[in-house]
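Beneath this line is the structure, given in structure tokens, with notes to follow.
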Amino acid sequence: MAQAAAVGALLGASTAFLAPSAAPAPAPALRGAPHSSRESTGPGLAGAAGVGAAALGLGLLAARPATTACRAAAVKKKGVKVVHGKEIPWNLFSPKAPYQGKVIENDVHPQTLTEPTGDANWETTHVTFDHGGKVPYIEGQSIGGLEQERKGEQPAKIRLYSIASSAVGDNQNSKTVSLCVKRVVEVDGKFANREKGQDKPDKAGTAFPENKVYRGVCSNHICDMTPGDEVLITGPTGAEMLLPEDPEANIIMLATGTGIAPMRSYLRLLFHDKAGAGDGGRKFKGLAWLFMGVPYSKSLLYDDEHEAYKKAYPDQFRYDYAVSREQKNAAGQKMYIQTKMAEYAEELWELMQDEKTHVYMCGLKGMESGMAECFGPIAEKNGLVWTEFAKAMKKADRYHVEVY
Ligand SMILES: Cc1cc2nc3c(=O)[nH]c(=O)nc-3n(C[C@H](O)[C@H](O)[C@H](O)COP(=O)(O)OP(=O)(O)OC[C@H]3O[C@@H](n4cnc5c(N)ncnc54)[C@H](O)[C@@H]3O)c2cc1C
Ligand SMILES: NC(=O)c1ccc[n+]([C@@H]2O[C@H](COP(=O)([O-])OP(=O)(O)OC[C@H]3O[C@@H](n4cnc5c(N)ncnc54)[C@H](OP(=O)(O)O)[C@@H]3O)[C@@H](O)[C@H]2O)c1
């Protein structure tokens with residue numbers, strides 16, 4: 001009952017999320033924007049709650065990494081958190097009382113996004129759940145995907161997943177949430193939950209019956225789901241990765257692997273959804289620049305969408321990727337995201353001097369030191385120390401990091 005009341009309160013209070021900010025803005029706000037037509041596609045540019053990024057906990061909810069700073073204010077009322085003066089949905093559903101949703105078909109993306117590469121963990125999926133409008137969230141948040149705990153499978157805990165859909169969801173009815181999940185499969189490694197002869201083909205047909213295998217508990221559960229399957233959802237949560245409200249902001253996105261999830265959420269809002277449409281164009285007026293790092297070209301995620309945005313908005317969207325095991329730079333170094341960014345170091349440095357520029361980083365922790373490698377020399381040339389510059393950007397809420 002309490003849970004239902006909390007959800008009701010949040011949904012009832014949804015106008016608060018949609019209310020225009022006190023100071024009149026010259027252009028529609030990038031997030032927290034008023035929504036002109038309630039019945040059209042859902043919330044405004046920044047989604048249902050009009051606030052940035054959070055995490056949806058699907059049953060297996062892990063603690064947020066220490067590297068994730070949360071500058072949100074204390075929770076004021078159940079199911080809501082106030083961030084920079086605006087309410088966002090917050091932990092509407094707990095592990096003890098999760099929301100029970102269903103996996104639904106996604107016409108645009110078949111479940112598996114990647115192609116076999118020869119690696120055991122080649123598969124990354126895009127899975128969409130129906131939440132019936134009961135789990136509002138905004139771009140940049142996460143949820144927990146809750147699997148019924150399997151006896152004997154360790155470690156048993158909730159796992160968080162960054163939401164890969166914008167607030168209105170992939171089909172823009174504000175009733176679905178999508179995730180981008182990599183299947184964890186380790187062969188003859190330190191841990192095993194299948195002895196030799198026990199591993200059976202997964203939904204993609206991959207199996208290692210000759211080996212000892214560790215299959216990640218939650219990721220395999222999600223990757224093996226089919227439409228109609230029930231799923232337990234917790235959250236949403238997360239306030240580190242929220243989009244700025246300024247429609248003229250520049251958004252630099254750095255993603256390794258499934259770290260693309262929040263970036264996809266932003267890009268749907270900025271360049272795809274009806275909720276982000278402005279007079280004769282888009283509400284978003286800045287530059288969005290995505291750097292994506294993957295091991296193989298067959299592991300590129302949402303490449304079709306990125307190419308389409310580039311074609312439709314060539315002055316507003318730039319897209320570069322680093323394919324670590326196929327590309328090298330001129331010095332023969334492995335192509336990591338920071339190696340690719342180094343090719344544009346001057347341009348990126350200039351962009352970061354603009355107080356309208358925000359940097360979003362999601363994925364592997366190693367990216368942070370990669371940034372130091374990339375921008376250390378140029379910062380020094382300008383009489384600055386990169387770590388200090390990055391710290392100042394974080395303080396100004398312009399450097400958003402969620403790495404794991
Ligand atoms: C904020 C946040 C957002 C995230 N977003 C995403 C996302 O969008 N997409 C995504 O795919 N992932 C995401 N993750 C990671 C996700 O939460 C899970 O960690 C991941 O899916 C693996 O979970 P699993 O249950 O499949 O693996 P687990 O079963 O938890 O196994 C994980 C690791 O534990 C090791 N292990 C096994 N047994 C032991 C033991 N006894 N002791 C120690 N280690 C052991 C295994 O070798 C394996 O490498 C996110 C994480 C965070 C914190
Ligand atoms: N919100 C969050 O916190 C969040 C959200 C989503 C995902 N994640 C985490 O992000 C990670 C993504 O992993 P994945 O398996 O999806 O990715 P992946 O497909 O393996 O791709 C990762 C890429 O990054 C490269 N890489 C390795 N070390 C690097 C470094 N120090 N700097 C820059 N690039 C580096 C890899 O290169 P090589 O392998 O060739 O060395 C590879 O090309 C997972 O750990 C996931 O849990 C976190």
Side-chain angles (χ1 to χ4, degrees), residues 26-31 33 41 44-47 108-109 113 126 139-140 164-168 170 172 180 241 243-256 259-294 297 299-323 326-327 329-330 335-363 374-375 398 400:
L30 189 55
R31 62 180 172 86
T41 54
L45 186 54
V108 180
H109 285 294
L113 297 173
H126 180 85
E139 293 80 11
S165 48
S166 57
V168 295
D170 282 356
Q172 302 191 60
C180 176
M241 298 286 282
L243 280 173
E245 292 198 41
D246 183 357
E248 291 174 0
N250 300 308
I251 316 284
I252 300 174
M253 292 161 281
L254 320 175
T256 43
I260 194 68
M263 318 310 177
R264 180 178 186 267
S265 164
Y266 308 150
L267 292 170
R268 296 277 295 184
L269 172 67
L270 302 183
F271 297 121
H272 177 275
D273 296 344
K274 287 181 201 154
D279 291 339
R282 306 297 298 173
K283 286 177 188 166
F284 176 60
K285 301 295 175 205
L287 172 74
W289 193 346
L290 170 67
F291 289 87
M292 147 135 244
V294 290
S297 38
S299 337
L300 276 170
L301 301 168
Y302 309 110
D303 189 51
D304 51 345
E305 296 185 1
H306 303 146
E307 290 297 344
Y309 300 145
K310 206 166 91 169
K311 200 167 164 204
Y313 302 98
D315 298 332
Q316 280 193 280
F317 182 57
R318 293 179 69 171
Y319 170 42
D320 285 274
Y321 48 81
V323 183
E326 294 175 10
Q327 301 173 330
N329 68 1
M335 187 63 78
Y336 276 161
I337 203 164
Q338 56 269 24
T339 330
K340 178 54 73 179
M341 292 175 76
E343 292 175 13
Y344 306 96
E346 296 272 353
E347 214 179 332
L348 288 164
W349 176 257
E350 281 308 310
L351 204 52
M352 284 189 287
Q353 307 313 305
D354 183 346
E355 61 181 29
K356 285 179 178 291
T357 299
H358 287 244
V359 175
Y360 292 83
M361 179 189 288
C362 188
C374 178
F375 294 113
R398 297 203 290 124
H400 312 261

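The chain is numbered in sequence order, starting from 1.
For S166, the side-chain hydrogen bond (donor to acceptor under 3.5 Å, both in side chains) partners at least two apart in sequence or on another chain are D273. Partners of E346 under the side-chain hydrogen bond (donor to acceptor under 3.5 Å, both in side chains) rule, at least two apart in sequence or in another chain, are K381. Annotation: ring-ring contact (aromatic ring centres under 6.0 Å, His included) contacts of H272 (sequence neighbours excluded): none. Partners of Y313 according to the side-chain contact (heavy atoms from CB on, under 4.5 Å) rule, which considers only residues two or more places apart in sequence or in another chain, are F271, R282, Q316. Annotation: ring-ring contact (aromatic ring centres under 6.0 Å, His included) contacts of W289 (sequence neighbours excluded): F291, Y344. With sequence neighbours excluded, no residue forms a side-chain hydrogen bond (donor to acceptor under 3.5 Å, both in side chains) with Q327. Partners of E343 according to the salt bridge (Lys or Arg N to Asp or Glu O under 4.0 Å) rule, which considers only residues two or more places apart in sequence or in another chain, are K340. By the side-chain contact (heavy atoms from CB on, under 4.5 Å) test, C374 pairs with Q338, M341, A342, sequence neighbours left out. Evaluation of the salt bridge (Lys or Arg N to Asp or Glu O under 4.0 Å) rule for E347 yields R318 as partners, not counting sequence neighbours. Applying the side-chain hydrogen bond (donor to acceptor under 3.5 Å, both in side chains) criterion to T339, with sequence neighbours excluded, gives no partner residue. Take Y336 and apply the ring-ring contact (aromatic ring centres under 6.0 Å, His included) test, not counting sequence neighbours, and it matches no residue. Evaluation of the salt bridge (Lys or Arg N to Asp or Glu O under 4.0 Å) rule for E307 yields K310 as partners, not counting sequence neighbours.
When side chains are defined from C-beta on, D320 does not count as touching L290, because their heavy atoms never get closer than 4.5 Å. Residues S165 and R268 fail the side-chain proximity criterion, which asks for heavy atoms closer than 4.5 Å. In this structure the side chain of Y321 reaches within 4.5 angstrom of the side chain of L300, judged on heavy atoms. Looking only at side-chain heavy atoms (C-beta outward), H306 and F317 come within less than 4.5 Å of each other. The shortest distance between side-chain heavy atoms of R264 and H126 falls below 4.5 Å. The shortest side-chain heavy-atom distance between M361 and H400 does not fall under the 4.5 Å cut-off. Annotation: side chain of I252 is not in contact with side chain of Y360 (no heavy-atom distance under 4.5 Å). At least one side-chain heavy atom of L351 sits under 4.5 Å from a side-chain heavy atom of L287.
A salt bridge is absent between E355 and R398; no separation between the charged side-chain nitrogens and carboxylate oxygens falls under 4.0 Å. The residues E248 and K356 are annotated as salt-bridged, a charged nitrogen and a carboxylate oxygen being separated by less than 4.0 angstrom.
Residue D304 qualifies as enclosed at atom CG: its count of foreign heavy atoms under 6.0 Å is above 12.
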task = Starting from the C-alpha separation in whole Å, work towards a yes-or-no answer on side chain to side chain contact (heavy atoms under 4.5 Å, CB included) for Y302 and L267.
result = CA-CA 11 Å; Y302 309 110; L267 292 170; over 6 Å; no
request  = Kindly determine whether C180 and I260 satisfy side chain to side chain contact (heavy atoms under 4.5 Å, CB included), including the steps that lead there.
outcome  = CA-CA 8 Å; C180 176; I260 194 68; 4.1 Å; yes
query = Should Y309 and L270 be marked as a side chain to side chain contact (heavy atoms under 4.5 Å, CB included) after you check the CA-CA gap, both sets of side-chain angles, and the distance that decides it?
reply = CA-CA 10 Å; Y309 300 145; L270 302 183; over 6 Å; no
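The shortest non-hydrogen separation linking M253 to A288 is CE-CB, 3.8 Å. Heavy-atom minimum distance, G259 versus P262: O-CD, 3.4 Å. A275 and Q172 make their closest contact through N-OE1, 4.5 Å (heavy atoms, listed as atom of the first residue, atom of the second, distance). The heavy-atom pair separating G293 from I337 by the smallest distance is N-CD1, 3.9 Å.
Here M263 contributes atom CE and C362 contributes atom SG; the two are 5.0 Å apart, rounded to the nearest 0.5 Å. Considering CE of M335 and CG of N329, their distance stands at 5.5 Å, rounded to 0.5 Å.
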